[in-house]
2 protein chains.
Amino acid sequence: MESEGERAGRPATLADIAMRAGVATSTASRALSNPGRVNAATRERIERVAAELGYSPNSQARALTSGRTGAIAVLVSDVTNPFYFGIIRGTQRQLKASGYSQLLIDTEESDQNEDALLHRLRSSFDGAILSASRLSDRALAELAAELPLVAINRQTRGVPSVVIDTPGGIVQAVGHLVSLGHHEIAYVSGPETSWSNESRWRAFVKATAAHGVTGKRLGPFSPRQRAGAAAADAALNAGVTAVIAFNDLLAIGMLQHLASRGVRVPHDLSIVGCDDIFGADFCNPPLTTLTAPIEQAGRLAVTLLLARLDPRSAPSARQAAVLPTYLTVRSSTGRSPGPRA
Amino acid sequence: MESEGERAGRPATLADIAMRAGVATSTASRALSNPGRVNAATRERIERVAAELGYSPNSQARALTSGRTGAIAVLVSDVTNPFYFGIIRGTQRQLKASGYSQLLIDTEESDQNEDALLHRLRSSFDGAILSASRLSDRALAELAAELPLVAINRQTRGVPSVVIDTPGGIVQAVGHLVSLGHHEIAYVSGPETSWSNESRWRAFVKATAAHGVTGKRLGPFSPRQRAGAAAADAALNAGVTAVIAFNDLLAIGMLQHLASRGVRVPHDLSIVGCDDIFGADFCNPPLTTLTAPIEQAGRLAVTLLLARLDPRSAPSARQAAVLPTYLTVRSSTGRSPGPRA
DNA sequence: TCACGGGTTGCAATCGTTTGCCACTATTTG
DNA sequence: CAAATAGTGGCAAACGATTGCAACCCGTGA
């Protein structure tokens with residue numbers, strides 16, 4: 001665990017190694033990063049000295065010439081949102097496995113921030129993963145042209161992406177609710193600038209229409225737990241018997257507020273969430289939700305990104321991946337109480 | 001939002017600016033990063049050109065000479081654990097506010113990983129925040145000597161730290177349980193290599209002794225939700241009427257398992273958690289727990305670290321901060337059912 | 001014996017920025 | 001009026017690694 005290194009204060013450099021091994025720095029460099037180019041005996045000697053000195057290459061210096069930093073930026077629009085925990089986890093795991101490090105950036109739901117930070121830190125990473133980007137299609141496409149990136153939950157022409165097919169799940173969810181006798185269903189909207197939100201809404205409209213039931217739209221609401229209170233009240237006012245919420249955070253917030261108002265779930269109102277975040281299984285009642293392979297999406301995004309970074313890989317690698325979602329029925333949905341007054 | 005920049009492909013450099021403004025690169029450099037050193041008119045011209053070109057300094061190159069990268073490493077022992085979400089949030093926020101970026105590192109509960117990663121990436125960050133370090137006191141002190149760091153929830157001589165006074169909260173929690181008539185209480189232990197775990201246990205021992213009640217130790221258990229099942233069974237076997245769990249994750253896991261076994265909380269068994277993580281307020285029943293200012297701890301750690309990084313600040317700035325914890329009573333604790341068979 | 005070529009190694013430029021030092025000008029001071 | 005001083009700006013050397021090119025050694029085939 002304890003490395004020998006750091007003789008007189010600061011870390012050993014290639015020059016130190018070269019001197020101690022009696023070679024030029026160029027040889028030392030090659031021995032360590034381009035082993036074929038140097039005699040086996042010399043290389044071994046250099047490697048030994050490097051180990052003795054506890055050498056580890058200065059990534060800044062390396063980045064300066066090679067242009068590669070070994071870091072990937074992961075942008076989330078809100079570090080506070082448990083959905084992104086899954087993204088952070090998935091990307092972290094996969095990056096680590098590939099020897100990359102993770103630069104975590106919170107854009108605070110602002111496209112300005114997103115763009116500015118990305119440019120400001122441009123030289124600090126090799127590529128970026130944008131989860132839930134708030135950029136316009138045009139801005140995103142331009143960005144994709146100037147730096148390697150993969151978007152999560154955002155489909156735009158010319159931008160490689162990983163999308164979780166929550167809209168597909170919405171269809172299942174509507175079917176589930178209809179089968180339980182619900183005729184008046186609402187979609188509790190999240191931020192209107194969110195691509196996911198809009199694509200979920202479109203799927204909702206289509207599915208309710210297909211089943212011949214009423215589909216209302218409530219909101220927009222901030223995708224936070226606290227906003228659940230307002231959303232719950234809105235749902236009660238709307239006179240629906242079931243809702244599908246933009247995400248679990250909102251749904252859980254609704255659950256809490258409804259409990260405090262004495263409204264029983266699912267007896268009086270059925271609720272379906274999206275994403276199946278941490279907590280969806282142990283809230284009260286446990287939430288029926290669309291289980292999304294969030295962590296897997298993060299891993300896959302990394303894989304895609306690293307593949308385009310690798311010059312050896314086919315340039316026209318797969319551009320877009322879609323991950324399936326399925327409906328996890330727990331206890332927040334039940335038979336319709338019938339039309340309300 | 002859209003920066004003008006990037007004429008012929010790649011980003012503008014200081015040299016580009018200098019040429020376009022008709023000055024030497026050194027002047028351009030000073031104009032942008034050491035404004036006092038250059039004539040106001042020249043500076044303004046340079047700044048204008050820089051803006052036109054959408055210049056943003058190459059942080060790698062800057063780091064090479066100045067030794068400052070503008071990044072801080074944040075180490076967590078498990079990205080999966082919601083406790084660290086608070087740390088990630090708090091540090092991210094504060095770092096961003098100070099213009100730093102965050103390098104997120106998962107050590108996977110391994111001291112080897114911790115040490116190796118820190119050394120390997122040494123040149124990529126200016127300082128590090130170690131939350132729940134698994135390093136030995138000695139290794140930690142050595143590390144603190146060679147790089148600026150702040151530890152969270154880890155008190156070691158010579159290492160600046162932010163600790164959350166959960167042990168103090170444990171005393172309150174034991175008092176709470178005793179007042180509810182509990183005489184046989186268990187501490188559900190987390191990893192034995194965790195400093196927090198051991199200091200919580202010591203506080204528990206002291207508090208139970210002071211109240212003259214029996215205090216058992218169960219475990220160790222992995223600090224995960226799934227481990228709650230084993231912990232719950234152990235608690236039932238131990239014949240206690242109340243437990244204090246190492247963390248909320250374990251406590252919530254216990255809640256779930258107990259519900260599935262038909263054991264009523266708090267009627268049959270009272271449970272107290274630690275940390276008050278996301279979800280502790282909406283699980284079933286809502287968890288009585290020690291509310292820890294986790295996010296604040298993250299922010300404070302950043303503040304401390306940045307202060308020692310700043311050469312202008314007093315070198316002997318405060319070395320250790322202790323953040324208070326308080327008991328949040330919800331519904332997982334209640335009167336003792338009396339001694340069990 | 002000589003030219004050739006493969007295998008190794010070194011030289012030196014380069015990446016983009018910072019910074020110590022010097023030069024030059026204009027202003028102040030004795 | 002000479003000299004000290006403050007205010008500006010440029011030159012060039014770092015920082016630590018990579019890499020194109022040239023040099024060298026040695027063995028081989030002619």
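Not measured: the values here are computed from a predicted model. Numbered from 1 within each chain, the chains take letters A, B, ... in sequence-line order.
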Heavy-atom closest contact (Thr13(B) atom, Tyr55(B) atom, distance):
C-CE1, 3.8 Å

Near DNA chain D, counting only heavy atoms under 4.0 Å, which residues of residues 57-69 of chain B show up?
Leu64(B), Thr65(B)

Sequence-distant partners of Glu47(B), side-chain hydrogen bond (donor to acceptor under 3.5 Å, both in side chains), two or more places apart:
none

Which is it for Lys96(A) and Gln102(A) under the side chain to side chain contact (heavy atoms under 4.5 Å, CB included) test, yes or no, and what are the steps along the way?
CA-CA 8 Å; Lys96(A) 194 168 165 228; Gln102(A) 181 186 42; over 6 Å; no

Could you check Arg37(A) against Leu14(A) and say which one's nearest nucleotide on DNA chain D is further toward the 5' end?
Leu14(A)

Contacts of Ala141(B) meeting side chain to side chain contact (heavy atoms under 4.5 Å, CB included) (sequence neighbours excluded), chain-then-number -> none

Could you tell me the boundaries of the chain B footprint on DNA chain C, defined by atoms under 4.0 Å from its heavy atoms?
dG16(C) to dC21(C)

Those residues that, when tested against Thr156(B), pass side chain to side chain contact (heavy atoms under 4.5 Å, CB included) (two or more places apart):
Asp137(B), Leu140(B), Arg154(B), Val159(B)

Any Lys/Arg nitrogen of Arg48(B) or Glu52(B) sitting under 4.0 Å from an Asp/Glu carboxylate oxygen of the other?
yes

Before giving the answer on side chain to side chain contact (heavy atoms under 4.5 Å, CB included), spell out for Glu114(A) and Ile105(A) the whole-Å C-alpha distance, their side-chain angles and the decisive distance to 0.1 Å.
CA-CA 9 Å; Glu114(A) 199 170 331; Ile105(A) 301 177; over 6 Å; no

Could you pull out all residues at least two apart from Phe85(A) that satisfy ring pair (Phe, Tyr, Trp, His ring centres under 6.0 Å)?
Phe85(B)

How bent is the helix from dT1(C)-dA30(D) to dG30(C)-dC1(D), measuring the angle between the end axes built from five pairs each, rounded to 10°?
60°

Have a look at Thr42(A) and say if it touches a base, only the backbone sugar-phosphate, or nothing, with a 4.0 Å heavy-atom cut-off.
sugar-phosphate

With a strict under 4.0 Å distance from non-hydrogen atoms of chain A, what nucleotide opens and what nucleotide closes the contacted stretch of DNA chain D, reading 5' to 3'?
dG16(D) to dC21(D)

Salt bridge (charged side-chain N to carboxylate O under 4.0 Å, His left out) partners of Arg122(B), counting only residues at least two apart:
none

Tightest non-hydrogen contact, residues Asp16(B) and Ala12(B), listed as OD2-CA, 3.4 Å

For Arg45(A) and for Thr25(A), locate the closest nucleotide of DNA chain C by heavy-atom distance; then report the residue assigned to the nucleotide nearer the 5' terminus.
Arg45(A)

Extract all donor-acceptor atom pairs below 3.5 Å that involve side chains of residues 298-307 of chain A and protein atoms in other chains or at least two apart in sequence.
{"from": "Thr303(A)", "atom 1": "OG1", "to": "Arg299(A)", "atom 2": "O", "distance (Å)": "3.0"}

Quick one: label Thr13(B) by what it contacts on the DNA or RNA (base, sugar-phosphate, nothing), any heavy atom closer than 4.0 Å.
sugar-phosphate

Can you give me every donor-acceptor pair (side chain of residues 27-41 of chain A, partner residue at least two apart or in another chain, under 3.5 Å) with its distance?
{"from": "Ser33(A)", "atom 1": "OG", "to": "Ser29(A)", "atom 2": "O", "distance (Å)": "2.9"}
{"from": "Asn39(A)", "atom 1": "OD1", "to": "Ala41(A)", "atom 2": "N", "distance (Å)": "2.7"}

Let me have the donor-acceptor pairs involving side chains of residues 63-79 of chain B, under 3.5 Å, with sequence neighbours excluded, atom names and distances please.
{"from": "Thr65(B)", "atom 1": "OG1", "to": "Arg62(B)", "atom 2": "O", "distance (Å)": "3.3"}
{"from": "Ser66(B)", "atom 1": "OG", "to": "Arg62(B)", "atom 2": "O", "distance (Å)": "2.8"}
{"from": "Ser66(B)", "atom 1": "OG", "to": "Arg68(B)", "atom 2": "N", "distance (Å)": "3.2"}
{"from": "Arg68(B)", "atom 1": "NH2", "to": "Tyr100(B)", "atom 2": "OH", "distance (Å)": "2.7"}
{"from": "Thr69(B)", "atom 1": "OG1", "to": "Ala71(B)", "atom 2": "N", "distance (Å)": "3.1"}
{"from": "Thr69(B)", "atom 1": "OG1", "to": "Ser124(B)", "atom 2": "O", "distance (Å)": "3.4"}
{"from": "Thr69(B)", "atom 1": "OG1", "to": "Asp126(B)", "atom 2": "N", "distance (Å)": "3.4"}
{"from": "Thr69(B)", "atom 1": "OG1", "to": "Asp126(B)", "atom 2": "OD1", "distance (Å)": "2.9"}
{"from": "Ser77(B)", "atom 1": "OG", "to": "Tyr84(B)", "atom 2": "OH", "distance (Å)": "2.8"}
{"from": "Asp78(B)", "atom 1": "OD1", "to": "Thr80(B)", "atom 2": "N", "distance (Å)": "2.9"}

